Number of protein chains: 4
Amino acid sequence: MLQIQRLSNEEAAILLEGARRKSLEIGVPMCTAVTDESGHLIQFDRMDGGKVSSISIAIDKAFTGAVARKGTHVYNQLCVPGKGTFGIHITNGGHFSIIGGGLPVTVGGVVVGGIGVSSGTSDEDLVVAEAAVAYFRERTGLAE
Amino acid sequence: MLQIQRLSNEEAAILLEGARRKSLEIGVPMCTAVTDESGHLIQFDRMDGGKVSSISIAIDKAFTGAVARKGTHVYNQLCVPGKGTFGIHITNGGHFSIIGGGLPVTVGGVVVGGIGVSSGTSDEDLVVAEAAVAYFRERTGLAE
Amino acid sequence: MLQIQRLSNEEAAILLEGARRKSLEIGVPMCTAVTDESGHLIQFDRMDGGKVSSISIAIDKAFTGAVARKGTHVYNQLCVPGKGTFGIHITNGGHFSIIGGGLPVTVGGVVVGGIGVSSGTSDEDLVVAEAAVAYFRERTGLAE
Amino acid sequence: MLQIQRLSNEEAAILLEGARRKSLEIGVPMCTAVTDESGHLIQFDRMDGGKVSSISIAIDKAFTGAVARKGTHVYNQLCVPGKGTFGIHITNGGHFSIIGGGLPVTVGGVVVGGIGVSSGTSDEDLVVAEAAVAYFRERTGLAE
């Protein structure tokens, strides 16, 4: 039997709170999703003003961060015509996101969940996702 | 120009909180979704122990409650072979839910959002959805 | 952090082996899928003669057994027009199976995976799925 | 009447075994799928640690190898904007893979199945797929 570590609901809420703080700081209302390590949604939050088109994008980013175990911005640079990974953006029923703003959440070197942020530019989305993970580490004391 | 009344993020959180309270009271960890009046997700919460299969069901119930403007349990009884509404469960790309636990959220006779609850029996899901709406009225003072 | 128990690849192979033995005994070549507790495929086997249409059905049955935590034959009886659960068969993107032959695999009262069998009648499929789980218990010594 | 040559279940298992051996050798736990010559799944194996996002990618690679009758890495280089094959990656309902790691399995110049490997880089995936086919030839004595 495998022993798996997974984000709890309470820990997912800390990630959402971290995302919200950074969103308010930079003045971009975001959609933020947190999934478990298997890519299944735990919590989602669309701030007032968050984009409707970003609902599914945020969820897909969190899914990808969790199950592909890399930041979606990393895949963005790998998924370029002529490179070996080109084409990955249409896999998994269209849910594999290659737009920055999705990150795996790791604890002790193991992926325990994913976070996805959307509504700003992909750079803004990534900044907020990173801030959310930093806030999570600060609050929980859990290391990468 | 139309003036639309829509649940705010803060009001959606009150609905989730109301659902969580009732879920804990009856001992069934739930997935709960809150959408705006257009059926678009505002917030989602899967409690520890909520079913993975209920993630999309809760979201679909909230969508249906908001945009079809009836409780999904009402459609459950209308959507029976031989009745005029039979077939509605496969519309909207499969997102029209006819399983109890989805409700419109109305204020002053107008739909301002939807709530969907899933993981228990459809009766339990409805009880939690109704409790969430009751809690929302109590906390906000907003009447049907 | 939640601590999750999950079927290993080796344990999934025992379930497939158990399904194969029963399939040979009753003379019906089967498609059998084993998923983890989150509904994600671990192993799949289509015996020579297994039906092509049963590939996705077996996978959907295993998914449903794992994440909805009930046998798919149980949902078959709940998902009847006029009953509260009618409509569940079209949820989860059409992957929620209500055809007998899907079972959760539990250890110590907790779902650790799912098994789905398809190609025979739903009764035959269920017999094979149950035999697979029994074989798994016999070989691993793990109780329900 | 056409006489079709098709991988048996036993031969599919040899391909999976070959993939597993190479995966262990290079230290990358893989998802591996084997399809018949029509692109329909015969066997699938996700090793402990294989990526969830690679389940469907491996299956799509095997499908593509079998039915498009070329390695998916070949299509990767053909499917570049401005080249005549660009666009093929979104055909077949999104199941046409252009990421290396999918190969046709031929016997006597005829495609009898496909293999798809995913979880590593596309180069690693291809190395494992090629090793699996080599192992298959070694074990069965069947020439290309």
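Just so we're clear, the structure is a prediction, and the values are computed from it rather than from any experiment.
- With C:Asn76 contributing its side chain and C:Ile99 its backbone, the two residues share no donor-acceptor pair below 3.5 Å.
- There is no contact between C:Val67 and chain A, counting heavy-atom distances below 4.5 Å.
- Between A:Leu142 and A:Glu11, some side-chain heavy-atom pair lies under the 4.5 Å cut-off.
- Of the residues considered (C:Gly93, C:Gly39, C:Ser8), C:Ser8 shows the highest number of contacts with chain A, using heavy-atom pairs under 4.5 Å.
- Rounded to the nearest 0.5 angstrom, A:His89 NE2 and A:Leu78 CG are separated by 13.0 Å.
- The contact between C:Gln5 and chain A is made by backbone and side chain atoms together, counting heavy-atom distances below 4.5 Å.
- Looking at C:Glu10, neither its backbone nor its side chain comes within 4.5 Å of chain A, counting heavy atoms on both sides.
- When each of C:Val105, C:Leu7, C:Leu16 is tested with C:Ile115 by the rule side chain to side chain contact (heavy atoms under 4.5 Å, CB included), just one qualifies, namely C:Val105.
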